[in-house]
Amino acid sequence: MQVTLVLASSSPRRLDLLRQIGIIPDRIVSPDIDETPQPHEVPRSLAARLARAKLDSAAIPGSFTIAADTVVGLGSRILPKAETEAEARQCLTMLSGRRHKVYSAVAVAGPDGRIAMRTVASVVAFARLEAGAIEHYITSGEWRGKAGGYAIQGRAAGFIDFLSGSYTGVVGLPLHETLNLLRGLGWRAP
Ligand SMILES: Cc1cn([C@H]2C[C@H](O)[C@@H](COP(=O)(O)OP(=O)(O)OP(=O)(O)O)O2)c(=O)[nH]c1=O
């Protein structure tokens, strides 16, 4: 009997990414946790802590459950998940003409209760953005709810002149690593 696969995420991007490799979750649950960074917390640690917290809040016993968290970091600085135009403008201005890192942490629970985690760091460089380009991007609204105020799978692809690491990890779920975590916990494709 195939064990239930649960995606603990409200992110449509994460569901789309799993579907892209033929993995269709049996259930989707939305984790509800406090994502506020702790004092002096760095981007990589925040991503790992939140991914685990999401998993702990939403894992369903006896199933395979996947949770993830994506954080954009500029050095030790955590960029916010943009919710306002001002936040998006501030993020894009900070990212313009610079390299930054995107940390996507994945936490997976197996039906026997074992937990496996992996944090994937990617380096992304933005070209220098003119004020007009930033304003045009802001009118698109695609930045809303996105770490660092941009979506590499959307118009922001036009800003990027260098990427090293995992493209799917930048979007929000590093697929190769997620598959390995699942397999390591005994998951087999149906
Ligand atoms: C950097 C980047 C982030 N993102 C998205 C992925 C995530 O949805 C979001 C980061 O916020 P997260 O807190 O990781 O995820 P979420 O709140 O959207 O969903 P949940 O916590 O329920 O899983 O930013 C993109 O879609 N494209 C990108 O290029």
Heavy-atom pair with the smallest gap, counting every atom of Thr168 and Pro174:
OG1-CA, 3.5 Å
Would you kindly check if the NZ (Lys) or CZ (Arg) of Arg99 is within the cone defined by 45 degrees around the ring axis of Phe162 and under 6.0 Å from the six-membered ring centre?
yes
Could you check whether atom CG of Asp112 has more than 12 heavy atoms from other residues, nucleotides or ligands sitting under 6.0 Å from it?
yes
Transitively linked via ILVMFWY side-chain contacts under 4.5 Å: Phe159 with Val123?
no
Do Cys91 and Pro80 come within less than 4.5 Å of each other through their side chains, counting heavy atoms only?
yes
Please collect all ring-ring contact (aromatic ring centres under 6.0 Å, His included) contacts where either partner lies in residues 66-123, sequence neighbours excluded, each pair once.
His100-Phe126, His100-Tyr150
Return the minimal non-hydrogen interatomic distance between Gly169 and Ser104, and the atom names on each side.
O-OG, 2.5 Å
Looking at every heavy atom in both Ala51 and Ala107, which two are closest together, and how far apart are they?
O-CB, 3.7 Å
Show me the pairs that pass salt bridge (charged side-chain N to carboxylate O under 4.0 Å, His left out) and involve residues 7-21, at least two apart or across chains.
Asp16-Arg19
Between Ile28 and Val6, does the side-chain contact (heavy atoms from CB on, under 4.5 Å) criterion hold? Intermediate values first, please.
CA-CA 6 Å; Ile28 296 174; Val6 178; over 6 Å; no
Under 4.5 Å between any side-chain heavy atoms of Met117 and Leu55, yes or no?
no
Gly75 to Pro43 - nearest heavy-atom pair and separation
O-CG, 3.8 Å
Starting at OG of Ser76, measure out to CZ of Arg44 and round the result to the nearest 0.5 Å.
14.0 Å
Tell me every residue that passes side chain to side chain contact (heavy atoms under 4.5 Å, CB included) with Arg89, counting only those two or more places apart in sequence or in another chain.
Glu85, Thr93, Ile134, Glu135, Ile138
List for me each residue that meets side chain to side chain donor-acceptor pair (under 3.5 Å) alongside Glu83, sequence neighbours excluded, and say none if there are none.
none
For Ile33, what residues pass the side chain to side chain contact (heavy atoms under 4.5 Å, CB included) criterion, not counting sequence neighbours?
Glu35, Leu50, Ala53, Lys54, Ser57
Could you go through Arg128 and Arg98, starting from their C-alpha distance and side-chain angles, then the distance that decides it, and tell me whether this counts as side-chain contact (heavy atoms from CB on, under 4.5 Å)?
CA-CA 8 Å; Arg128 270 187 48 71; Arg98 300 175 67 179; over 6 Å; no
Might you point out which heavy atoms bring Trp143 and Gly149 nearest each other, and give the distance in Å?
CB-O, 3.1 Å
Decide yes or no for Leu163 and Val170: does some side-chain heavy atom of the first lie under 4.5 Å from some side-chain heavy atom of the second?
yes
Are Val120 and Ile21 connected into the same hydrophobic cluster when the rule is that any two of I, L, V, M, F, W, Y join if their side-chain heavy atoms are below 4.5 Å apart?
no
Is the backbone N or O of Gln153 less than 3.5 Å from a side-chain atom of Glu142, with the two atoms forming a donor-acceptor pair by type?
no
Just jot down the side chain to side chain contact (heavy atoms under 4.5 Å, CB included) partners of Ala147, sequence neighbours excluded, or say none.
Thr70, Val72
Please round to the nearest 0.5 Å and tell me the distance separating atom CG of Leu17 and atom OG1 of Thr178.
8.5 Å
Nearest-0.5 Å distance, CG of residue Leu129 to CG of residue Leu95:
8.0 Å
Does any non-hydrogen side-chain atom of Pro25 lie less than 4.5 Å from one of Leu15?
yes
Min side-chain heavy-atom separation Trp187-Leu179 under 4.5 Å:
yes
How long is the straight-line distance from CG of Leu182 back to CD1 of Ile66, given to the nearest 0.5 Å?
4.5 Å
Reported OG1-to-CD1 distance for the pair Thr65 and Ile60, which is rounded to 0.5 angstrom:
5.5 Å
For the CZ atom of Arg49 and the CD atom of Glu41, what is their distance to the nearest 0.5 Å?
4.0 Å
In one Ile/Leu/Val/Met/Phe/Trp/Tyr side-chain cluster, 4.5 Å: Val71, Met94:
no
Quick one: are Phe64 and Leu185 in side-chain contact, heavy atoms under 4.5 Å?
yes
Would you check if Lys101 and Val124 make a side-chain contact, meaning some heavy-atom pair closer than 4.5 Å?
no
Does Asp26 use its side chain to pair, donor to acceptor, with the backbone of Leu5 at less than 3.5 Å?
yes
Do Leu7 and Leu181 land in one hydrophobic cluster if side-chain heavy atoms of ILVMFWY residues count as linked below 4.5 Å?
yes
Which heavy-atom pair separates Val29 from Ala58 by the least distance, and what is that distance?
CG2-CB, 3.7 Å
Are Leu173 and Ile23 in one and the same hydrophobic cluster, where Ile, Leu, Val, Met, Phe, Trp and Tyr link if side-chain heavy atoms are under 4.5 Å apart?
yes
